[in-house]
Amino acid sequence: DAGVTQSPTHLIKTRGQHVTLRCSPISGHKSVSWYQQVLGQGPQFIFQYYEKEERGRGNFPDRFSARQFPNYSSELNVNALLLGDSALYLCASSSSQSSYEQYFGPGTRLTVT
Amino acid sequence: AQSVTQLGSHVSVSEGALVLLRCNYSSSVPPYLFWYVQYPNQGLQLLLKYTSAATLVKGINGFEAEFKKSETSFHLTKPSAHMSDAAEYFCAVNPWGGSQGNLIFGKGTKLSVKP
């Protein structure tokens, strides 16, 4: 079975632009979580979606938004990009909202210049 | 507030030596605890997890960790380091008692293995 997939692998954007990152969970998994990993730090929780509804949100500004589609794939959107948004964005899937065993994708490396 | 502290941002050992990576947590409810490994330019791979069963947890690649409630610790060990163990290791906690899935991560410990 395929693991969690994310696209694109790398992305370079300019300050003020908008970006959309995509994630496909493991087949059968209904929950998707997004994490931001700044260089030299551990991942920080951004969002959790389950059954197309937001079920958790971390301490991130409203410039960050996400959604989940009927096939359980997910998009993370970031508006008005700042230099500080440069990071590795990780998607994790799990079988249910409360499932603590999360499986991570390879991430999307976003560079904001 | 729930948190995870990893002592030592960088640990260096010789091949064949004991690996010990330290993790302390704070949680207001019995936690679920995890160790993940991250190789350069890759995502996170689950090494092992503690979910309130046996306090000594065995994971992949010869790693194990012991949950010590009195010390609020979950240190990761491996008896004999291999060159392929060089990577960054993250300790994480799910402090929600199973009601939510998101994790709180430590800042990571980079393990170097010398030949």
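Computed from a predicted model, the values in this text were never measured in an experiment. Throughout, a chain's letter reflects where its sequence line sits, starting with A, and its residues are numbered from 1.
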### Message
Hydrogens and angles aside, do H10(B) and S12(B) bring a side-chain donor and acceptor to less than 3.5 Å of each other?
### Response
no
### Query
Which atom pair, heavy atoms only, marks the closest approach of T109(B) to V11(B)?
CG2-CG2, 3.7 Å
### Query
Which residues in residues 105-113 of chain A have any heavy atom lying under 4.5 Å from a heavy atom of chain B?
G105(A), P106(A)
### Message
Quick check for you: to the nearest 0.5 Å, what is the distance between I104(B) atom CD1 and N94(B) atom CG?
### Response
8.0 Å
#### Entry: Proximity breakdown for Q38(B) and chain A, heavy-atom pairs closer than 4.5 Å
side chain
### Task
Taking all non-hydrogen atoms of both residues into account, name the closest pair between F104(A) and L44(B) and its distance.
CB-O, 3.5 Å
### Query
With a 6.0 Å cut-off on ring centres, are Y89(B) and F63(B) close enough?
yes
### Summary
Taking a cut-off of under 4.5 angstrom between non-hydrogen atoms, the residues of residues 67-77 of chain A near chain B are none
### Query
In Å, rounded to the nearest 0.5 Å, how long is the span from CD of E15(B) to NE2 of H82(B)?
5.5 Å
### Message
Which atoms of S9(B) are under 4.5 Å from chain A, going by heavy atoms: the side chain, the backbone, both sets, or neither?
### Response
neither
## Note on the structure
In short, disulfide (SG to SG under 2.5 Å) pairs touching residues 28-69 of chain B with sequence neighbours left out are none
#### Entry: Pair Q48(A), S31(A): side-chain N/O donor-acceptor within cut-off below 3.5 Å
yes
### Message
Enumerate the disulfide (SG to SG under 2.5 Å) contacts for residues 19-87 of chain B, please, sequence neighbours excluded, ordered by first and then second residue.
### Response
C23(B)-C91(B)
#### Entry: Q44(A), part contacting chain B, at a heavy-atom distance under 4.5 Å
neither
#### Entry: chain A contact via L46(B) - which portion, at a heavy-atom distance below 4.5 Å
side chain
### Query
Without hydrogens or angle criteria, can the side chains of Q102(A) and Y35(A) be said to hold a donor-acceptor pair below 3.5 Å?
yes
### Summary
Closest non-hydrogen atoms of Y25(B) and P31(B), given as atom of the first, atom of the second and distance, are CE1-CG, 3.5 Å
